[in-house]
Amino acid sequence: MSFALAAVLLPLLAAVLALCWRSEAARLVWLSTLFSLLLALAALWQVVTFGPVSMQLGGWQTGLAIRWHLNELSALLLLMTALIHSLVASYSFSQWRDAGLSADFWPLSALLQAALSSLFLSVDLFNWYVTLELLGLAAVALVLLSGKKALQAAMRYLLLSLAGSLCYLLGVALLYGHYGWLDVPQLAVAISEEPVDHRLALWLITAGLMLKAALWPLHVWLPAAHAAAPAPVSALLSALVVKGPLFMLYMIWGQLAGPELAVTGSWLFLLTGSMALVVGGWSALRTPYAKVMVAYSTVAQLGYGLLALGLMLHLTDPAFTQALFLFVLAHALAKTSTFLAVGEMQLRLGGKRLSTYRGASQTMPLAMFAVAVAGGSLIGLPPSGGFVAKWHLLLPLWQHSQLWWLLPVILAGTLLSAAYIFRLVVLAFNRAKPVSPDFAPVLLPQWLALLPALLVWMLAFASGSLLSWLGG
Amino acid sequence: MSGDFWFDALLGLLLLQLALATILARQLAAAVMLYVVFGLMLALAWARLGAADLALAEAAIGAGLTGALLFSALARQPKALAPAQGPGRVERLPALLLCIASSTVLGWTLWQLPLQPQHSQLPAALEQLGSSGTEHLVTAVLLNFRAWDTLLELLVLLLALLGTRLVAAPEPAALQHWPLARQWSKRLLPLLVLVAFFVLWRGATAPGGAFQAGALLAAALVVLRLNGQLPALRFDLWWVRALILAGVLAFLLAGLLSLWLNWQPEQAVQWLRWPLPLAKGLILLIELSATLAIGLTLTLLVVGERKELRG
């Protein structure tokens, strides 16, 4: 637990120091992300060697204290947070003055990391609410770094995010009013001992979290907000921020819903997931702007998460837990790479529209390669992480044949994602009249944008141990 | 029917009427004023329900600072803010449906909430109160049992300020300061500071504490600023930033100190566990720093201008 605690506190301290000592903010936060990556690795090693541990904050008994629980899953998510943050921070550190990124990025991103790490460790309904608020506010402030043009998108994001939080809080108040527990495992015991009708509470919590995670049909704020933000911010938002509420949905539905309610809830997740795949993919295919396309791709890809969650509840098969979190990891890495590379090209080629990317395979080959490689994982080409996740979604689905209609939905989602990725790639290979860069492309940021894409293709090599850790 | 019943019934009706009047008011200034009155009555309602901590916070934040914030937003509106050409009937329909739907859900939720909770953590909290370093239950929960929540809440406030910095409003038109108001604010200041620290000190044994005290301090500073008696609190001054971060810093330092004091080899670490002899001192230190931080942050949130926030 000590390493996990340090992985939460380090970004927090870095944020405070970066605010005090503003000239060194970038270096401080960058170094803190690298060190927190080491700490998160150590925490994972600790869990794998010595087994899961709990910590009562303040040392009080369960119920009075907030509880942190570190198991393989939370350690893995902690590692994902630290990894994405260190990748994005390295990219931003290499070019933030060039790109006109405000220095306020550094403390805000460090606070975001602290909030998200704390969320993944906590198993307390109210503490989750506070971390959600923190996450939402940090995300809105980060979107605002783009200045005036992001104002409207950020305002919408703020209002909907607050509405989501209140909805969630109302559900938590109902549960606490009936059972007197905020600690999720204890609450699960109390619910199974004395079942009262807690459907309303669970639906309120679900609506709030779906709004926060931009799950279809509550995704309306996401494309504008993610597209308006600066590239490193979009990468953080798409790769990490929406995964926090998704993790909470998994924990809450997995532990608190009884078997009957779980089946009812699974229909919601299966239907919205299918719609997200198809509608999100279609919107991504239709939009003329590059970053909006990537943002809609997040809406579509979250559909796989919803499907995995719905199937886990419907068929009570832990294999789908593996699929859910493999998808979370693969999407985080692939989306980081896509947003960073698209942002880098937007900066150097000087345009938001997809048509700006004409001939990019010639003018900015490395960044374009990053988009194509990460896109391969989004489509699910073997042997990328996206493929492994989809394989573990399809294999058990094939064995339980009663939900056969999901197979064509997943196929349609895959074809749509292939279509929008190839739309960009085809434009990039149109070398007849390339759009020339406004100023000389720098190589280092492009390599750093490529790095997460290479990591997601290497995820397949680690999939054996990943699967055993996510064993459910 | 006792007098208490009639008082509560009247208060409830008054609250409903004020809420409706706020929404239906034609002029924004009138709506803001009604909203401030609504906040004060709501504070009274909380006090009647026995939640003195909430009543204090509602009066200071809900009525006082939010009112000042709304008024300063009004002052920055362009002059010719005609009575808004409201949306037509057709556009209002979805809004109406949404309102009905959310009110139904809210009403249903309230219906489902048990009036007398059968289970809660109250007995456990009362049992441990003696070893928490404070005698007031709310303070014990906020600064000891669930201190991590409070630390994160302080960060929420900090983030609100950091976000506001990025969209800081332009300066309002030059204000004319009324001599009488300037004299008043000078007389009010010592009183408000005194009350703020009294509320803070009382937090150890009775309702009160850092948040309410900070809000009172902020109210004093806001009054001074609105009368043009306070120099700019520029964010690029190191001491302003240090004061804004004081609460979080004190919390973190206290946490690290207790980690070090509690550390024993071969034993699991325990975050935010105050050593018993030091608990009262640490809690007081955190509350004092948090009061200053909250006071300054709220002041900047309400009256901060572009030149001082951007820095």
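As the structure is a prediction and not an experimental result, all values here were calculated from the model. Convention: sequence-line order gives letters A, B, ...; per-chain numbering from 1.
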Atom of B:Val156, atom of A:Val130 and distance for their closest heavy-atom approach: CG2-O, 4.4 Å
Minimum heavy-atom distance between B:Ala160 and A:Leu137, given as atom pair plus value: N-CD1, 4.5 Å
Heavy-atom closest pair, residues A:Val16 and B:Leu245: O-CD1, 3.7 Å
Partner chain A: residue of B:Thr109, B:Leu272, B:Leu162 with the largest heavy-atom pair count (under 4.5 Å): B:Thr109
Region of B:Trp238 in contact with chain A, defined by heavy-atom distances below 4.5 Å: neither
Per-residue contact mode, B:Leu113 against chain A (heavy atom under 4.5 angstrom): both
Which of A:Ala65, A:Gly63, A:Gly59, A:Gly171 touches chain B most, by non-hydrogen pairs under 4.5 Å: A:Gly63
Heavy-atom pairs under 4.5 Å with chain B, option from A:Thr131, A:Leu204, A:Leu57, A:Leu158 with the top count: A:Leu57
B:Arg146 to A:Asp124 - nearest heavy-atom pair and separation: NH2-OD1, 2.6 Å
Interface residue of largest heavy-atom contact number with chain A, from B:Ser258, B:Ser120, B:Gly163, under 4.5 Å: B:Ser120
Closest heavy-atom pair and its distance - A:Met55, B:Gln270: SD-CA, 4.1 Å
Heavy-atom pair with the smallest gap, counting every atom of A:Trp60 and B:Gln128: CZ3-OE1, 3.4 Å
Check: B:Arg241 side chain, A:Leu19 main-chain N or O, donor-acceptor pair, under 3.5 Å: yes
Under 3.5 Å donor-acceptor, A:His178 side chain and B:Gln112 backbone: yes
Minimum side-chain heavy-atom gap B:Leu155-A:Leu12 below 4.5 Å: yes
